[in-house]
Peer 1: 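Submitted below is the structure of interest, expressed as structure tokens.
All values reported here derive from a predicted model rather than from experimental measurement. In what follows, every heavy atom counts, from backbone to side chain, and hydrogens, waters and symmetry copies are set aside. Order of the sequence lines fixes the chain letters, A, B, ..., with proteins taken first and strands second; residue numbering starts at 1 for each chain.
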2 protein chains.
Amino acid sequence: MSVADRKAREKEALKMLILKGAKKLFIEKGIEQTTIRNIADEIDYSVGTVYVYFKDKNAILHDLHSIGFQELGGYFKELFSIEDPMERLRKMGFIYIKFALENQEMYDLMFNLKAPIEFLTNCDNEDWNEGTTTFGALKETVHQCMQKEHFKGHTLEPLTFMIWSLVHGMCCLEIRQRTKGVKFNNPDTILYDGYNEFLKIIEKL
Amino acid sequence: MSVADRKAREKEALKMLILKGAKKLFIEKGIEQTTIRNIADEIDYSVGTVYVYFKDKNAILHDLHSIGFQELGGYFKELFSIEDPMERLRKMGFIYIKFALENQEMYDLMFNLKAPIEFLTNCDNEDWNEGTTTFGALKETVHQCMQKEHFKGHTLEPLTFMIWSLVHGMCCLEIRQRTKGVKFNNPDTILYDGYNEFLKIIEKL
DNA sequence: TTAAAAAATGAACATTGTTCAAAAATAAAA
DNA sequence: TTTTATTTTTGAACAATGTTCATTTTTTAA
């Protein structure tokens, strides 16, 4: 191993350290409430160093948003072993909501904040690979459901988007505290009453 | 009319002027990109004056979020004349999406931003009247649908929340630019392909 | 041991929301 | 009308933020 190799590894390590510190603070005190100085303090480096490794705050948020998608992938792992696509779709909905509620700041970053998308636009990058891949996974399962004679009369792409919108809408309203006027039976609102109604709906399609 | 009355009227007028200026700038250049100084400049007053009429930026955002709900109410007006609840529900979905797409910054403020809710919390106000009222209107229509034997096997409150989540989810993903990976047929994506699929879904419930 | 290259630093800048003593404008009193 | 009291408006000043960059420190190569 050359010195250049080690340097590259160290560079990568420090980049990860910054991201790890940032994520910790984001979860602890919220993304908006976390400053670059906070992040630098957290890992005992100076502000300037953070800017050596990241172009700006959006770059940090974008990288962390990608990490969020990796983590969602981890949640989704257990789905691979489910043969029946309808059963997989049901579980997928549950896991999606669970992930959103257990990782609210990360979910917000992945699907709501402007920063990650702004970063892509700034880099002249039209595509949003993380989202497209996840959407593709859902679409594949819906496709298999349709092959088994479910969802008659629906079109794959828009229907997939509807299912995504349904669970995303729930999570979004909950995370942004717009569910105050909704009277649920269960204390753990979305994950029980919401999810149950979601099950009823896809059953009828 | 006493002097005190006139003063009260003038005070109210200036408050409205500030809100009007703020709204104009929000729509023109985005909420995050608009500063208090911008708003003050827009209406030819000083920064300090803005703070005489509003406690802080959140107070402006909250009042503007309320105005947004009034405007949504304006969009909803034509629904009153529709007798058939199912037909009314369908039109309601269309108008909701239309409002969201035509007033993206306002929609964001009403249903996504933290500011209006933070303002309520700061005032020790637990309730979110604007949202609860709008949710109530949707719930009433869904209730009438159920009385006409639609939506068998569903529960009013959670089902209403599902329908809201569905349209909100679509609008949210579109406004926050998360629909890049979804291939629609129509150029006006959500309002046609999305809405059509929404129609198919509520038809089957 | 020394010179060159790389990495880390933190003071400095522009911009933000916010405050508040002072100034200006208005109303009430003499 | 003139003076006093009250209300309204002002903008300089403050702390906090994202960001930059000349300087210092550390590491590598000679």
Peer 1: What I want to check is whether the side chains of Y107(A) and Y96(A) have a donor and an acceptor closer together than 3.5 Å.
Peer 2: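 Present: a donor and an acceptor within the cut-off.
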
Peer 1: Output the distance between atom NZ (K57(A)) and atom CZ (F119(A)), rounded to the nearest 0.5 Å.
Peer 2: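 Going from NZ on K57(A) over to CZ on F119(A), the span is 15.0 Å.
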
Peer 1: dA16(D) P sits how many Å from D41(A) CG, rounded?
Peer 2: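 Nearest whole value for this atom pair: 13 Å.
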
Peer 1: Parallel, tilted or perpendicular: which fits the ring planes of W164(A) and H168(A), with parallel below 30° and perpendicular above 60°?
Peer 2: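 The rings of W164(A) and H168(A) sit tilted, inter-plane angle from 30° to 60°.
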
Peer 1: Are the side chains of E174(B) and S165(A) in touch, meaning some heavy atoms are under 4.5 Å apart?
Peer 2: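 Contact flag for E174(B)/S165(A) side chains = no.
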
Peer 1: Which is more 5' along DNA chain D, the nucleotide nearest K57(A) or the one nearest E10(A)? Just name the residue.
Peer 2: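 Residue closer to the 5' terminus by nearest nucleotide: K57(A).
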
Peer 1: Please name all residues satisfying side-chain hydrogen bond (donor to acceptor under 3.5 Å, both in side chains) with K114(A), sequence neighbours left out, ordered by chain then number.
Peer 2: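 By the side-chain hydrogen bond (donor to acceptor under 3.5 Å, both in side chains) rule, K114(A) matches no residue at all.
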
Peer 1: Taking CD1 from I36(A) and P from dA12(C), how many angstroms apart are they, rounded to a whole number?
Peer 2: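 One finds 21 Å between P of dA12(C) and CD1 of I36(A), rounded.
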
Peer 1: Under 3.5 Å, is there an N or O donor on one side and an acceptor on the other linking the side chain of R6(B) and the base of dT26(C)?
Peer 2: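 Answer no: no donor N or O sits under 3.5 Å from an acceptor.
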
Peer 1: Hey, what are the protein-to-nucleotides 7-10 of chain D N/O distances that come in under 3.5 Å?
Peer 2:
residue	atom	partner	partner atom	Å
dT9(D)	OP2	Y53(B)	OH	2.7
dT10(D)	OP2	S46(B)	N	3.0
dT10(D)	OP2	S46(B)	OG	3.3
dT10(D)	OP2	T49(B)	OG1	2.8
dT10(D)	O5'	S46(B)	OG	3.4

Peer 1: Pair up each side-chain donor or acceptor in residues 23-33 of chain A with any protein partner under 3.5 Å, not counting sequence neighbours, and list the distances.
Peer 2:
residue	atom	partner	partner atom	Å
K23(A)	NZ	E71(A)	OE2	2.6
K24(A)	NZ	E42(A)	OE2	3.0

Peer 1: Without decimals, in angstroms, what is the distance between R37(A) CZ and dT19(D) P?
Peer 2: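 Rounded to the whole Å, the gap is 11 Å.
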
Peer 1: Q33(A) has an atom CD; how far is it from atom P of dA15(D), in whole Å?
Peer 2: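 Roughly 21 Å, once rounded to whole Å.
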
Peer 1: Between N38(B) (CG) and dG17(C) (C1'), how many Å, whole number?
Peer 2: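 After rounding, the reported distance stands at 12 Å.
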
Peer 1: Just how far, in rounded Å, is P of dG17(C) from CD1 of I31(B)?
Peer 2: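 That distance rounds to 13 Å.
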
Peer 1: Rounded to whole angstroms, how far apart are CD1 on I60(B) and P on dG17(C)?
Peer 2: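 Between P of dG17(C) and CD1 of I60(B): 9 Å.
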
Peer 1: Does dT18(C) have its OP1 or OP2 closer than 4.0 Å to a side-chain nitrogen or oxygen of Y51(B)?
Peer 2: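 For dT18(C), OP1/OP2 do have a side-chain N/O of Y51(B) under 4.0 Å.
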
